[in-house]
Protein chains: 2
Amino acid sequence: MAHSVKNGTPSTPRQVPERCAQCTDRAERLFCNLPDEAIERFDEIAMQISYPSRSIVFEEGQRAAGIFVVCSGQIKLAATSRDGRTMILKIAVPGDVLGLSATLNDQPYEVTAETLEPCQIRSVRRRDFLEFLSHYGDVSRHAAQVIAREYHEVFLDARRLALSGSAAGRLAQLLLDWARTSSCGKPELRFTMALTHEELANMAGTSRETVTRLLNQFERDELITRHGSSIVILRPAEMERMVG
Amino acid sequence: MAHSVKNGTPSTPRQVPERCAQCTDRAERLFCNLPDEAIERFDEIAMQISYPSRSIVFEEGQRAAGIFVVCSGQIKLAATSRDGRTMILKIAVPGDVLGLSATLNDQPYEVTAETLEPCQIRSVRRRDFLEFLSHYGDVSRHAAQVIAREYHEVFLDARRLALSGSAAGRLAQLLLDWARTSSCGKPELRFTMALTHEELANMAGTSRETVTRLLNQFERDELITRHGSSIVILRPAEMERMVG
DNA sequence: TCCGCACTGTGACGCACGTCACACGTCCAT
DNA sequence: ATGGACGTGTGACGTGCGTCACAGTGCGGA
């Protein structure tokens with residue numbers, strides 16, 4: 001198994017159009033779905049960059065230089081403490097906007113963004129972005145909504161960490177959240193997990209060993225099944241109940 | 001001591017003006033600091049309400065009815081799990097806006113808001129607020145900034161819960177954050193804590209007994225001193241070091 | 001083909017801390 | 001003045017889970 005886990009992610013590192021105006025995925029992306037004239041202007045101030053896999057887009061603590069819109073690829077957002085403990089906040093996917101809150105408040109980025117695969121990213125410098133916002137009122141509303149959504153996600157993280165007393169609870173919760181957002185719509189809670197146990201541990205606020213033990217436990221109890229790196233949650237209700 | 005803790009809070013339950021336009025504190029409040037014409041309109045759609053102490057403004061899970069701007073008083077924002085565990089997210093103070101993210105995304109409130117003392121609150125219904133936003137472009141930017149700040153606060157909570165391994169660390173961190181925001185500016189980290197040990201525990205993600213033990217411990221180690229409900233952090237550096 | 005590396009699996013150990021249980025002080029209502 | 005509610009202080013006990021240590025496995029490179 002091992003390395004194939006990474007390859008299990010089939011997210012197409014496909015080419016994206018030169019300009020946002022031509023992007024066919026715009027409509028379904030909260031932030032990108034802007035009025036035509038705004039998009040035109042956005043294309044003027046945005047810069048398109050390709051990042052190789054495992055590269056750093058920006059780092060925790062750097063003064064915010066601007067925002068980054070993910071066009072293709074997956075990006076890990078993580079924060080670390082002085083003594084090396086790591087918290088993975090989320091895995092950003094196409095359509096997500098990075099560095100928004102830090103940019104708006106002119107503060108340091110609160111996380112480090114690292115590509116998990118080759119990524120296409122559009123970035124806008126802080127000054128340009130703020131000016132852009134003041135010209136196009138609607139865009140501010142989009143931005144507010146996007147941050148509101150991010151807020152909600154972080155809130156859920158905090159909640160999970162604070163309220164699900166046991167490691168088992170937090171992991172269960174994590175898998176449920178994940179499954180639901182991943183297999184959007186379909187009733188069957190199958191999804192492919194492109195993460196190592198270590199990374200899961202960092203998201204659930206526990207240790208690597210505990211994660212492997214728990215996953216095996218879950219499988220023995222027939223709450224989940226695994227084939228390679230794909231996971232199916234068999235009994236969501238049971239799962240839910242152990243959250244706390 | 002006991003009940004006097006509550007009375008230790010000297011936050012003036014003073015009268016607030018009828019209309020925001022006449023409010024003298026507007027300038028120093030992120031959200032309230034709006035252009036004149038926007039404020040006029042805001043006054044038309046906002047409703048001024050007085051809440052007695054220990055009353056519920058809105059509850060976790062209710063579909064968002066609108067936003068609430070705190071004019072005077074302190075309000076506790078908390079979330080609970082099915083089995084009764086409680087997480088206190090923050091104590092809102094005048095100038096804070098409640099329910100913003102839920103209102104923008106038309107989702108349930110993620111926390112319960114309960115007054116800790118008699119409060120004056122201005123509220124705006126969802127429909128009116130959204131319409132207000134689309135009319136006044138600048139206000140959206142204010143809103144975005146406000147949420148960005150809230151995001152940052154929750155992020156810090158999540159970070160504290162996830163990364164400061166020990167209860168001692170989380171409590172220390174909490175006191176530090178608190179002291180810094182409370183005694184804004186002054187070098188001496190003195191502040192008055194209007195919370196019971198139980199409430200502190202719910203903020204630090206630990207138990208009541210552990211909090212009392214730790215506070216006494218801190219005092220024995222001369223990291224802090226206490227007189228009644230006021231606390232001074234004597235050696236912030238030491239304190240800092242035990243966080244992570 | 002062989003080595004090294006990254007990931008996973010499992011046992012053993014220890015302790016931080018949650019929980020229970022109870023004592024004490026202060027405030028308020030009757 | 002008495003009882004109840006609420007906050008605080010402290011001991012004893014049990015355990016979840018973090019940590020260390022090491023074994024097994026599949027991959028990729030020389």
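Residue numbers begin at 1 in each chain, while the letters A, B, ... track the order of the sequences. Everything numeric in this text was worked out from a predicted model, so none of it was measured.
Whole-Å rounding puts the R170(A) CZ to dG16(D) P distance at 14 Å. Rounded to an integer number of Å, the gap from NE2 of H197(B) to P of dT10(D) is 11 Å. Remark: P of dC7(C) and CG of L195(A) are 11 Å apart, rounded to the nearest angstrom. Following rounding to the nearest Å, L200(B) (CG) and dC17(C) (C1') show an atom-to-atom distance of 17 Å. Atom CZ of R220(B) and atom C1' of dT10(D) are 11 Å apart (whole Å). As rounded to whole Å, 14 Å separates atom P of dA21(C) from atom CZ of R208(B). Look at CG on L116(A): it is 16 Å from C1' on dA6(C), rounded to the nearest Å. Rounded to whole angstrom, the span from the CD atom of E219(A) across to the C1' atom of dT8(C) amounts to 13 Å.
Proximity note for T210(B) (side chain, C-beta onward) versus dG18(C), dG7(D), dG9(D): the nearest is dG18(C). In the set dC17(C), dT10(D), dG18(C), dT10(D) carries the atom at the smallest distance from any side-chain atom of N216(B).
Contact of E198(A) with dC7(C) (side chain to base): no donor-acceptor pair of N or O atoms is detected under 3.5 Å. The base of dC17(C) lies outside donor-acceptor range of the side chain of E209(B), with no N or O pair under 3.5 Å. A donor N or O paired with an acceptor N or O is found under 3.5 Å between the base of dT19(C) and the side-chain atoms of R213(B). For dG18(C), its base never sits under 3.5 Å from the side chain of R85(B) at any donor and acceptor pair.
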Pairs under 3.5 angstrom only: tabulate donor-acceptor contacts from the side chains of residues 60-70 of chain B to other protein residues two or more places apart or in another chain.
from: E60(B); atom 1: OE1; to: T80(B); atom 2: N; distance (Å): 3.1
from: E60(B); atom 1: OE2; to: R159(A); atom 2: NH1; distance (Å): 2.8
from: Q62(B); atom 1: OE1; to: E59(B); atom 2: N; distance (Å): 3.2
from: R63(B); atom 1: NE; to: D106(B); atom 2: OD1; distance (Å): 2.8
from: R63(B); atom 1: NH2; to: D106(B); atom 2: OD1; distance (Å): 3.2
from: R63(B); atom 1: NH2; to: D106(B); atom 2: OD2; distance (Å): 3.1

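For the 3.5 Å distance criterion, the side chains of S53(B) and E117(B) fail to qualify, holding no donor opposite an acceptor. A donor and an acceptor atom, one from each side chain of Q48(B) and E18(B), are nowhere located under 3.5 Å apart. T115(A) and S55(A) are linked by a side-chain donor-acceptor pair at a separation below 3.5 angstrom, with hydrogens and angles left out of the test. Under 3.5 Å, the side chains of R220(B) and Q217(B) contain a donor-acceptor pair of N or O atoms.
One finds no side-chain N or O of T206(B) lying less than 4.0 angstrom from the OP1 or OP2 phosphate oxygen of dC17(C).
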